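A quick write-up on the structure given underneath.
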Number of protein chains: 2
Amino acid sequence: MIKSLGQKEDHILQIAMQVFLEKGWHGTRMQEIADRAGINKAMLHYYFRSKERLYTTILEKLFIRFMNSLADSFKPGQDFATTLRTFLDRFHDHLLQNPNLPLFIVRELSEGGKIVKRVVEQVVNQQGLRTPQMMINEFKHAQKRGEIIPIEEPVQFLLTVIGACVYFFLAKPILNPVFPEIDFDSPQFIEQRKKLIFEHLYLGIKNREKNP
Amino acid sequence: MIKSLGQKEDHILQIAMQVFLEKGWHGTRMQEIADRAGINKAMLHYYFRSKERLYTTILEKLFIRFMNSLADSFKPGQDFATTLRTFLDRFHDHLLQNPNLPLFIVRELSEGGKIVKRVVEQVVNQQGLRTPQMMINEFKHAQKRGEIIPIEEPVQFLLTVIGACVYFFLAKPILNPVFPEIDFDSPQFIEQRKKLIFEHLYLGIKNREKNP
DNA sequence: GTCTATATCCTGATAGAC
DNA sequence: GTCTATCAGGATATAGAC
């Protein structure tokens, strides 16, 4: 499925990616992609048969790119604290550069997610979708080394970490009316977020000195 | 805005809510609502002027209902551990009974979220949207009492908690291909999830005995 | 490969008779 | 209040000339 594309196809794909990320599936008009790419609708259909094919191609690219950018977090011989910090760092930085990616993926899911499911299954089958499994493995090793306490189900922890990262980007549009005193777009907030997710999840919030 | 509705209006509203939750704004057809409600499109427009009015009404109902179901978690004189546990419990139970709610809201956001934003702002202005603020207050009190350690920014913790809760329901459709060995639909998994979110966030995962 | 013009379909909304 | 028939607009996709 991953074939090298001509220059022009690639250019269109970049444009289309931007539009889809901004407007989503339904919000995106083939006309707008054509306009922004400096061609017309007919050409768009000439290169990519249909809107769905175009969308699927883009989804696949975005997903794999994201997974790869996370995969760097895992380095052998690294303690789990560092791995977790790096993971949080990468995750937030990637989403900062692709702010609409979470909404984009989730919307797909909400519409039945047929395309996303197909892409995920395909990616899983192709490259084994190593990223989540790598995280789980790191987790088990850290447990054996005694760095962290035993956990019933590592997947639960992973879900919590990812949720903590993703939710902020999903909810950002409605956070301002709820907490008007906070500037959610400031780099400081994001840096604080990386730090505090780590601290809360790794160290907990309980005061162990006063309440043993 | 919240007025008592006739029997028929209410029935239509129930049906429309189901359809919107399933299909989202763009996916929903007025025709389908009419069909399922046993009336025709003209009547639908007769009762509710437009698709947008119908949608807004429903969104408002869903949002307020959810907030109220969470508000019960906060009881004066309760320690923060109990408050957090209750909150996690209520949150998961509500989403179990309304599995499409997270995807529904997020999809709205992903499509520009103009209506969601308006509804949130309206609800905030009307009843002050106490729920998030109550959580923040509980947090500050627990800090003063010494139950938990000082936190730079309580909102960050709240975002992490909510993210940990919501993400699971959002991602469920793609979790199976990634972790085929786990049954994400079992009640046990949800109960485990409530418990472990609490433990990880409240107590942390670091082994303090071996790594002081 | 490129473009114009158009086919085809679908949807929200309404007019108007009963 | 209820229904049928229809309008008006917008979207994807393609036919066909160059």
Side-chain angles (χ1 to χ4, degrees), chain A residues 3-60 104 107-108 110-116 118-119, chain B residues 3-60 104 107-108 110-116 118-119:
Chain A
K3 54 193 169 192
S4 63
L5 298 168
Q7 256 190 334
K8 194 147 192 174
E9 279 101 326
D10 206 58
H11 174 239
I12 298 174
L13 222 50
Q14 294 302 324
I15 302 286
M17 195 178 287
Q18 288 171 25
V19 181
F20 272 122
L21 277 172
E22 278 175 36
K23 310 281 180 86
W25 165 259
H26 279 109
T28 293
R29 308 291 157 219
M30 296 296 269
Q31 186 64 59
E32 181 168 357
I33 296 175
D35 289 348
R36 286 212 223 172
I39 58 172
N40 58 38
K41 272 193 301 179
M43 284 314 298
L44 208 50
H45 281 89
Y46 173 76
Y47 282 113
F48 310 88
R49 281 183 59 83
S50 69
K51 187 179 178 180
E52 185 172 327
R53 266 176 189 271
L54 185 55
Y55 186 75
T56 306
T57 309
I58 288 170
L59 197 61
E60 201 176 296
F104 183 70
R107 172 186 27 222
E108 240 300 303
S110 75
E111 283 166 9
K114 268 176 288 187
I115 302 181
V116 159
R118 203 173 58 225
V119 170
Chain B
K3 53 194 171 191
S4 63
L5 298 167
Q7 257 191 332
K8 194 147 192 176
E9 279 101 324
D10 206 59
H11 173 240
I12 299 174
L13 222 50
Q14 294 302 324
I15 302 285
M17 193 179 286
Q18 289 171 23
V19 182
F20 272 122
L21 277 172
E22 279 175 35
K23 311 280 180 84
W25 165 258
H26 279 109
T28 293
R29 308 291 155 223
M30 295 297 268
Q31 185 65 60
E32 181 169 355
I33 296 175
D35 289 348
R36 286 213 223 171
I39 58 173
N40 57 39
K41 270 198 302 180
M43 285 313 297
L44 207 49
H45 281 88
Y46 173 77
Y47 282 113
F48 310 87
R49 281 184 61 81
S50 68
K51 186 180 180 182
E52 184 172 325
R53 265 174 189 273
L54 185 55
Y55 185 74
T56 305
T57 308
I58 287 169
L59 200 59
E60 202 176 294
F104 177 71
R107 171 172 31 199
E108 239 298 304
S110 77
E111 284 168 7
K114 267 175 289 186
I115 302 181
V116 160
R118 204 173 58 223
V119 170

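All of these numbers come straight from a predicted model, not from anything done at the bench. Below, chains carry the letters A, B, ... as their sequence lines are ordered, and counting in each starts from 1.
Taking Glu22(A) as the reference, Arg36(A) meet the side chain to side chain donor-acceptor pair (under 3.5 Å) condition, with sequence neighbours excluded. Qualifying side chain to side chain donor-acceptor pair (under 3.5 Å) partners for Asn40(A), counting only residues two or more places apart in sequence or in other chains: none.
Taking atom CD1 on Ile12(A) and atom C1' on dT2(C), their separation rounds to 12 Å, with Å as the unit. One atom, CG of Leu44(B), and another, C1' of dT4(D), lie 16 Å apart when rounded to the nearest Å. In this structure, CE of Met43(A) is placed 6 Å from C1' of dT2(C), rounded to the nearest angstrom. Here dG10(D) presents its P atom at 15 Å from CG of Asp35(A), a figure rounded to the nearest Å.
The aromatic rings of Phe20(A) and Tyr55(A) lie perpendicular to each other, with more than 60° between the two planes, well past the 30° mark.
Counted within 6.0 Å of CZ on Arg49(B), heavy atoms from surrounding residues, nucleotides or ligands total 12 or fewer; the atom is thus considered open.
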(request) Report, as a single string ordered 5' to 3', how protein heavy atoms within less than 4.0 Å touch nucleotides 11-18 of chain D: B base, S sugar-phosphate only, - not at all. (result) SBBB----
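Looking at Glu52(B) and Arg118(B), a side-chain N of the basic residue comes within less than 4.0 Å of a carboxylate O on the acidic one, giving a salt bridge.
When all heavy atoms of Tyr47(A) and Lys8(A) are compared, the pair lying nearest together is OH-CD, 3.5 Å.
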